[in-house]
A.B. asks: 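Got a structure for you, written out below as structure tokens; questions coming shortly.
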2 protein chains.
Amino acid sequence: MKNGQATIKDIARELKISFSTVSRALKDYPGISEETKRKVKEMAIKLNYRPNAIALSLRKNRSFNIAVIVPEVVHFFFSTVISGIEEIAKKRGYNVILTQTNEKLDKEKSSIEAMLSNQIDGFLISYSKETTEFSHFENIIDQGFPIIFFDRIPDIPNSINVKVDDFEGAYNAVSHLISQGYENIAHLTGPKNLKISQERERGYREALANHGMPIREEMILECPMGTNEEGKRLALSMLDQLNPRPDAFFANNDMAAVGVMMACRDSGYRIPEEIGIVGFSNWQFCTMLEPGLTSVSQPGIQMGKKATELLLDIIEKKVELDTIPNSITLNTELFIRKSSMRLHKKS
Amino acid sequence: MKNGQATIKDIARELKISFSTVSRALKDYPGISEETKRKVKEMAIKLNYRPNAIALSLRKNRSFNIAVIVPEVVHFFFSTVISGIEEIAKKRGYNVILTQTNEKLDKEKSSIEAMLSNQIDGFLISYSKETTEFSHFENIIDQGFPIIFFDRIPDIPNSINVKVDDFEGAYNAVSHLISQGYENIAHLTGPKNLKISQERERGYREALANHGMPIREEMILECPMGTNEEGKRLALSMLDQLNPRPDAFFANNDMAAVGVMMACRDSGYRIPEEIGIVGFSNWQFCTMLEPGLTSVSQPGIQMGKKATELLLDIIEKKVELDTIPNSITLNTELFIRKSSMRLHKKS
DNA sequence: TTGTAGGCGTTATCAC
DNA sequence: GTGATAACGCCTACAA
């Protein structure tokens, strides 16, 4: 912040009027002569006056800043959410203060501390993989700070959440694989402590069950990092050791799914003829792979927008706290590409 | 921001001492009895006191906020830069206010306006593709705001910049293609108004020239959007119409390079045997493609860190403005993968 | 060792 | 129509 910035007092001094008049003139208050308004506004431009948002914050006890806490910025899905958040925030006159936790609980806690000192108006949070206990969130909720959780939803009574329908997304993905004639569908899960992982696994299980197919526990492996190395390693181990071997994989995320693709390539299995693959998130690169990767899309931008609109409505008291829904669930969409199209149906 | 927050005055009232004593006790000023300090600190914890950063900002004329203005958040390279920025900023006690312009000049201008009102301590900017004229930046520099430009560097005398050596990166990429025996190397450039595009094109031209190869202007096409559709379309047109046809492509970015890969696949050309491809940026997906895409990596995280350190040093006056370098240039690195390895040399 | 007063830039509440 | 004054939360001379 540069000092030497013109203030309301500078304008007043130049014009030899009181600074309260200047304040009113600038805001087009009734009961100020047109003449004065004109002069004040001219002088404001001449002096390059800008209202000091900090002073305003102090006065109004509102900072017009919202804090966004995400696990990683370098992550396709989160970057789309951030983009949606930024768009709505800017449109409504708020700034986005961005913090990442790198999936570390202590960074998450210290970020929250810092934001509290910063007199943030509210929080948008997707918590870290290390977070298994939520008292640091409950504390700030108790202090009256509005928080919206997105994507990763904590187990807190009455928390306000925006998420995608992970269960449905997974259910549809696995049903699709079944409809393509795959019979031994393996699942690479996400970190077991995240609800999104649990929901996706539940979708997987229920889809199998509802189609009268057996659930083989050895076909379900946890893939906590979600990297392609990990996905590849786990896929290879399953292909090597299981009998019958998996003829399809539903992965908790696209990176792991790519790992499966690599494993198939290395082992000489053809995709989708011998092995079908479906990922989750529908990252940009899904269309660029050969074969294209079928994936469940998560509407990241929309999630960011919805969460922000909800938060700002709460901050601005446009909604009563008891009228707002506890959770907003967005629909996923299955993008079917070559990696799972054994039957070459047109779609 | 929630009111009801305890202030220094609340502590003073509880303890029946003056609030200036409280202020000093909290900051471990000399000349305060240990007894008082202890009591104050205890009460601070009891009341859940947090210093009000807004009040501090107003007093010190420093907000400890820095503004980051990028074209797009959903962009691998920029997200890595943002990650680096966030890391250093947090470490040094600053907040990152994030804004994106969506490559629009008017959004860029309005973001800057908003940030000026917000009493930002400094700017980190990578400007939009639409920006061809830089007076809105020069204005804020003239007003004394520190700005560091990264990646996309404006034509402003004395601007402080952090960039990668685009020329060298391109030069090495094209030299590599030449060393692999490719003889008709095409170039898909970026938007011509960006210096990075110009530098990469210059690297391309100079590499050809220095290896005694002709420069064919019809082999250089502008690819302003940098999408894979565009890359594909341009590559197809070149492969169709030019004689001799290109046997290699150096693309200004990885997306366009993927477009070229698609074009080759569609036209039945084998990569790398018949056509070699090199991209720029080394996005995550380069390793996931088949064949892997050779690409010039830009150290995004490092760029973000360097730019932020420089900015904060300037803000905190740890450096004299005339002693700092006008430009910091980071080195690129060529990651050679299968898409350009015609000679199967080991590396 | 502790208290008082003034000020950072605004807005709101009184007066005149 | 306009001006003076207090207040938001904090820091820091200056006094005591």
Side-chain angles (χ1 to χ4, degrees), chain A residues 1-41 43-44 47-65 93 116-121 143, chain B residues 1-41 43-44 47-65 93 116-121 143:
Chain A
M1 160 186 340
K2 184 59 187 57
N3 39 18
Q5 264 287 4
T7 74
I8 225 168
K9 289 186 183 171
D10 296 317
I11 299 180
R13 195 177 328 107
E14 289 291 319
L15 261 36
K16 300 193 198 311
I17 57 179
S18 88
F19 63 85
S20 46
T21 306
V22 174
S23 171
R24 282 180 284 225
L26 285 172
K27 315 211 84 190
D28 277 325
Y29 255 57
I32 295 282
S33 75
E34 287 305 318
E35 171 69 2
T36 313
K37 281 187 192 172
R38 196 184 48 70
K39 279 200 286 191
V40 167
K41 287 180 180 173
M43 186 56 71
L47 297 184
N48 202 5
Y49 168 78
R50 270 170 235 287
N52 184 326
I54 298 279
L56 235 157
S57 297
L58 187 61
R59 189 98 223 313
K60 304 228 163 176
N61 216 30
R62 293 271 314 283
S63 68
F64 292 93
N65 290 163
L116 288 180
S117 266
N118 266 282
Q119 309 302 112
I120 239 57
D121 287 344
Q143 287 175 51
Chain B
M1 156 186 344
K2 183 61 185 53
N3 40 16
Q5 265 287 8
T7 73
I8 227 170
K9 287 185 183 171
D10 296 316
I11 299 179
R13 194 177 330 105
E14 290 291 318
L15 260 38
K16 300 192 199 310
I17 56 179
S18 91
F19 57 82
S20 52
T21 306
V22 174
S23 171
R24 282 179 281 226
L26 286 171
K27 315 211 82 191
D28 277 325
Y29 255 57
I32 296 281
S33 74
E34 286 305 318
E35 171 69 0
T36 312
K37 282 188 191 173
R38 195 184 46 71
K39 279 201 287 190
V40 166
K41 287 180 180 172
M43 185 56 69
L47 296 183
N48 202 5
Y49 168 79
R50 269 170 235 289
N52 184 325
I54 298 278
L56 237 156
S57 296
L58 188 60
R59 184 106 219 310
K60 304 230 164 174
N61 216 29
R62 292 273 314 278
S63 67
F64 292 94
N65 291 163
L116 288 181
S117 266
N118 265 283
Q119 311 302 116
I120 240 56
D121 286 346
Q143 285 175 53

A.B. asks: Given C/dT10, is OP1 or OP2 found less than 4.0 Å from the side-chain N or O atoms of A/Lys9?
C.D. replies: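 Result: no.
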A.B. asks: If each of B/Lys37 and B/Ala55 is mapped to the nucleotide of DNA chain C with the nearest heavy atom, which maps nearer the 5' terminus, i.e. the 5' end?
C.D. replies: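 Comparing both residues, the 5'-ward one is B/Lys37.
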A.B. asks: Any side-chain heavy atom of A/Glu35 within less than 4.5 Å of one from A/Lys39?
C.D. replies: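 A side-chain contact under 4.5 Å exists here.
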A.B. asks: Tell me whether the side-chain N/O atoms of B/Thr21 come closer than 4.0 Å to OP1 or OP2 in C/dG3.
C.D. replies: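 For C/dG3, OP1/OP2 do have a side-chain N/O of B/Thr21 under 4.0 Å.
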A.B. asks: Whole angstrom is fine here: how far is it from CZ in A/Phe19 over to P in C/dG7?
C.D. replies: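 My rounded result for the distance is 12 Å.
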A.B. asks: Classify the side chain of A/Arg59 versus the base of D/dA7 as yes if they form a donor-acceptor pair under 3.5 Å and no if they do not.
C.D. replies: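 Side chain to base: pair found, below 3.5 Å.
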A.B. asks: Can you tell me how far P of D/dC11 sits from CD1 of B/Ile11, to the nearest Å?
C.D. replies: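 B/Ile11 atom CD1 is separated from D/dC11 atom P by 11 Å.
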A.B. asks: Rounded to whole Å, please give me the gap between CD in A/Gln5 and C1' in C/dT10.
C.D. replies: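 Distance check: A/Gln5 CD to C/dT10 C1' gives 15 Å.
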A.B. asks: Tell me whether the side-chain N or O atoms of B/Ser20 pair up with the base of C/dT2 as donor and acceptor below 3.5 Å, since no angle test is needed here.
C.D. replies: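 When only heavy-atom distances are counted, B/Ser20 does not reach the base of C/dT2 through any donor-acceptor pair under 3.5 Å.
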A.B. asks: Inspect the contact between A/Lys41 and A/Asp28 and indicate whether a charged nitrogen and a carboxylate oxygen are less than 4.0 angstrom apart.
C.D. replies: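 Salt bridge present between A/Asp28 and A/Lys41.
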A.B. asks: Nearest whole angstrom, please: distance from the P of D/dG1 to the NZ of A/Lys39.
C.D. replies: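 Going from A/Lys39 (NZ) to D/dG1 (P), I get 15 Å.
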A.B. asks: For residues 22-34 of chain B, which residues have at least one heavy atom under 4.0 Å from DNA chain D?
C.D. replies: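 Within this stretch, B/Ser23, B/Arg24, B/Lys27, B/Tyr29 sit under 4.0 Å of the strand.
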A.B. asks: Tell me: CZ of B/Arg13 to P of D/dG9, nearest whole Å?
C.D. replies: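 Distance, rounded to whole Å: 11 Å.
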A.B. asks: Rounded to the nearest 0.5 Å, how far does CG of B/Asn61 lie from CD of A/Gln5?
C.D. replies: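 One finds 9.0 Å between CD of A/Gln5 and CG of B/Asn61.
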A.B. asks: Taking the side chain as C-beta and beyond, is there a heavy-atom pair between B/Ile17 and B/Val40 under 4.5 Å?
C.D. replies: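 Answer yes - side chains close enough.
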A.B. asks: Angle, rounded to 10°, between the helical axes spanning five pairs at each terminus of the helix from C/dT1-D/dA16 to C/dC16-D/dG1?
C.D. replies: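 Taking five pairs per end, the axes differ by 50°.
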A.B. asks: Using whole Å, report how far CG of B/Leu58 lies from C1' of D/dT12.
C.D. replies: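 It is 15 Å, rounded to the nearest whole Å.
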A.B. asks: Quickly work out the B/Lys16 NZ to C/dG3 C1' distance and round it to whole Å.
C.D. replies: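 B/Lys16 atom NZ is separated from C/dG3 atom C1' by 16 Å.
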A.B. asks: About how many Å separate OG of A/Ser63 and CG of B/Asn118, when rounded to the nearest 0.5 Å?
C.D. replies: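 Interatomic distance, B/Asn118 CG to A/Ser63 OG, rounded to 0.5 Å: 9.0 Å.
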A.B. asks: Under 4.0 Å from OP1 or OP2 of C/dG3: is there any side-chain N or O of B/Ser18 that close?
C.D. replies: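 Yes, within the criterion.
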A.B. asks: Under 4.5 Å between any side-chain heavy atoms of B/Leu47 and B/Glu14, yes or no?
C.D. replies: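 Sidechains of B/Glu14 and B/Leu47: in contact.
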A.B. asks: Got B/Arg50 and A/Gln119 here, is their nearest side-chain heavy-atom distance under 4.5 Å?
C.D. replies: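 Result no, sub-4.5 Å side-chain heavy-atom pair not found.
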A.B. asks: Using the side-chain contact (heavy atoms from CB on, under 4.5 Å) definition, which of the options B/Ile11, B/Asp10, B/Ile32 pairs with B/Val22?
C.D. replies: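 The residue from B/Ile11, B/Asp10, B/Ile32 that satisfies side-chain contact (heavy atoms from CB on, under 4.5 Å) with B/Val22 turns out to be B/Ile11.
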A.B. asks: Okay, side chain of B/Asn65, backbone of B/Ile120: is any donor-acceptor separation there less than 3.5 Å?
C.D. replies: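 Answer holds: no.
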A.B. asks: Side chain of A/Ser117, backbone of B/Asn52: donor and acceptor closer than 3.5 Å?
C.D. replies: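 Pair absent, no side-chain N/O of A/Ser117 close to backbone of B/Asn52.
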A.B. asks: Taking the side chain of B/Leu56 as its heavy atoms from C-beta onward, which of D/dC11, C/dG9, D/dT2 lies nearest to it?
C.D. replies: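 Nearest nucleotide to the side chain: D/dC11.
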A.B. asks: If you compare every side-chain N and O of A/Ser57 against the phosphate oxygens of D/dC8 (OP1, OP2), does one of them come in below 4.0 Å?
C.D. replies: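 False: A/Ser57 side-chain N/O out of range (4.0 Å or more) of D/dC8 OP1/OP2.
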A.B. asks: Let me know the distance between CD1 of B/Ile17 and C1' of C/dT2, rounded to the nearest Å.
C.D. replies: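 Rounded to the whole Å, the gap is 9 Å.
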